[in-house]
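No experiment lies behind these values; they were computed from the predicted model shown. No hydrogens, no waters, no symmetry mates; every other heavy atom, side chains included, goes into these values.
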Amino acid sequence: MSVGKIFKFHNDLDTDQIIASQYLLLPNIEEMKVHTFESLDPDFPKKAKPGDYVVGGENFGCGSSREQAPSVLKALGIQAVVAKSFARIFYRNAINIGLPVIVCKDLPDAVQTGDEMDLSLTDGVAVANGVTYSCTKLPEYMQNILSQGGLIASLNKED
């Protein structure tokens, strides 16, 4: 991966805060993505650049099981979501669509929005503010799934 800017969010961030339910009626992810994190930071879609990171605390992505939550982050070019822990359904949806989700217990408390981070999925480390943090190292098969665009894309390629 490469160096990107961090956008930090709180514990128990739910999918409705990522993309509010009224925007699920829009026809596609491209139209939905401009409303990402609207209740928390209305300018997030303008500030986030491809290659940036979202960092959260415990239970990131809790709430309803909407696949659009990780999809809008991926559509904005977010490189990965790093959190202390993830709600199971958000984690699974992210893998399904090819958005890396990485557990890193110590990093979220040590960084702020605007800090820069470099993340290595293969080594399971993140570097921010000159400090190296140990993260979940994704197994090779999982990295292959992500590099193919997610589980759905990977399965479609097998046909």
Side-chain angles (χ1 to χ4, degrees), residues 1-20 23-24 26 28-104 107-108 110-129 133 135-138 142-154:
M1 303 208 105
S2 61
V3 175
K5 188 164 76 167
I6 290 172
F7 289 89
K8 183 178 173 180
F9 294 93
H10 54 80
N11 289 338
D12 301 311
L13 184 120
D14 69 52
T15 53
D16 204 46
Q17 292 172 308
I18 300 171
I19 183 73
Y23 300 120
L24 302 179
L26 294 172
N28 57 50
I29 293 297
E30 286 301 305
E31 291 186 38
M32 287 180 212
K33 74 180 186 182
V34 300
H35 300 286
T36 304
F37 290 125
E38 191 170 83
S39 66
L40 300 174
D41 181 356
D43 294 328
F44 176 82
K46 293 184 193 99
K47 295 187 286 192
K49 303 287 180 244
D52 286 343
Y53 296 98
V54 166
V55 172
E58 299 279 355
N59 202 25
F60 188 94
C62 59
S64 66
S65 63
R66 62 187 64 152
E67 192 172 272
Q68 295 91 339
S71 295
V72 292
L73 295 175
K74 185 178 179 186
L76 287 169
I78 296 300
Q79 208 171 160
V81 179
V82 177
K84 289 183 178 185
S85 66
F86 290 90
R88 184 178 300 141
I89 193 71
F90 180 89
Y91 188 89
R92 185 170 203 103
N93 283 336
I95 297 302
N96 284 349
I97 60 116
L99 177 68
V101 279
I102 306 298
V103 174
C104 198
L107 179 133
V111 298
Q112 297 301 321
T113 293
D115 291 349
E116 290 193 338
M117 178 172 73
D118 191 7
L119 176 67
S120 171
L121 297 178
T122 52
D123 298 330
V125 296
V127 179
N129 302 321
Y133 298 91
C135 305
T136 302
K137 182 178 176 181
L138 294 181
M142 189 81 105
Q143 292 177 45
N144 290 337
I145 287 171
L146 290 170
S147 70
Q148 293 177 50
L151 182 61
I152 307 302
S154 175

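Of the candidates Ile19, Ile18, Leu24, Ile19 is the only one forming a side-chain contact (heavy atoms from CB on, under 4.5 Å) with His35. Across Phe37, Phe60, Tyr53, a single residue satisfies ring pair (Phe, Tyr, Trp, His ring centres under 6.0 Å) together with Phe9, and that is Phe37.
Side-chain contact between Val101 and Thr136 is absent, with no heavy atoms from C-beta onward closer than 4.5 Å. No side-chain heavy atom of Val111 sits less than 4.5 Å from a side-chain heavy atom of Met117. Residues Pro45 and Leu76 have side chains in contact (heavy-atom distance under 4.5 Å, counting atoms from C-beta outward).
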* Given the rule in the side-chain hydrogen bond (donor to acceptor under 3.5 Å, both in side chains) test, do Glu38 and Tyr23 qualify, once you have shown the distances and angles that lead to the verdict? -> CA-CA 10 Å; Glu38 191 170 83; Tyr23 300 120; 2.3 Å; yes
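Under a 3.5 Å cut-off, the side chain of Asn28 and the backbone N or O of Glu31 do form a donor-acceptor pair. Gln143 contributes a side-chain N or O that, together with a main-chain N or O of Leu138, makes up a donor-acceptor pair within less than 3.5 Å. Within the 3.5 Å criterion, the main-chain N or O of Asp14 finds a donor-acceptor partner in the side chain of Gln17.
Here the closest heavy-atom approach between residue Ala83 and residue Gly57 is recorded as CB-O, 3.4 Å. When every heavy atom of Asn93 is checked against every heavy atom of Pro70, the shortest pair comes out as CB-CG, 3.8 Å. Here the closest non-hydrogen pair linking Ala69 and Thr15 is CB-CG2, 3.9 Å. A pairwise comparison of heavy atoms in Ile102 and Phe86 identifies O-CE1, 3.5 Å as the closest pair.
Note that CG of Leu73 is 11.5 Å distant from NZ of Lys33, once rounded to the nearest 0.5 Å.
Residues forming a ring pair (Phe, Tyr, Trp, His ring centres under 6.0 Å) with Phe7 (at least two apart in sequence, or on another chain): Phe44.
Dense packing is recorded around NZ of Lys8, with more than 12 heavy atoms of other residues, nucleotides or ligands lying under 6.0 Å away.
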Enumerate donor-acceptor pairs with a distance under 3.5 Å from any side-chain N or O in residues 122-129 to protein atoms, sequence neighbours excluded.
from	atom 1	to	atom 2	distance (Å)
Thr122	OG1	Ser120	OG	3.2
Asp123	OD2	Ser120	OG	3.2
Asn129	ND2	Asp115	OD2	3.0

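Using a cut-off of 4.0 Å between Lys/Arg side-chain N and Asp/Glu carboxylate O, Lys49 and Asp52 are scored as not salt-bridged.
Side chains of Glu58 and Ser85: a donor-acceptor N/O pair is present below 3.5 angstrom, by distance only.
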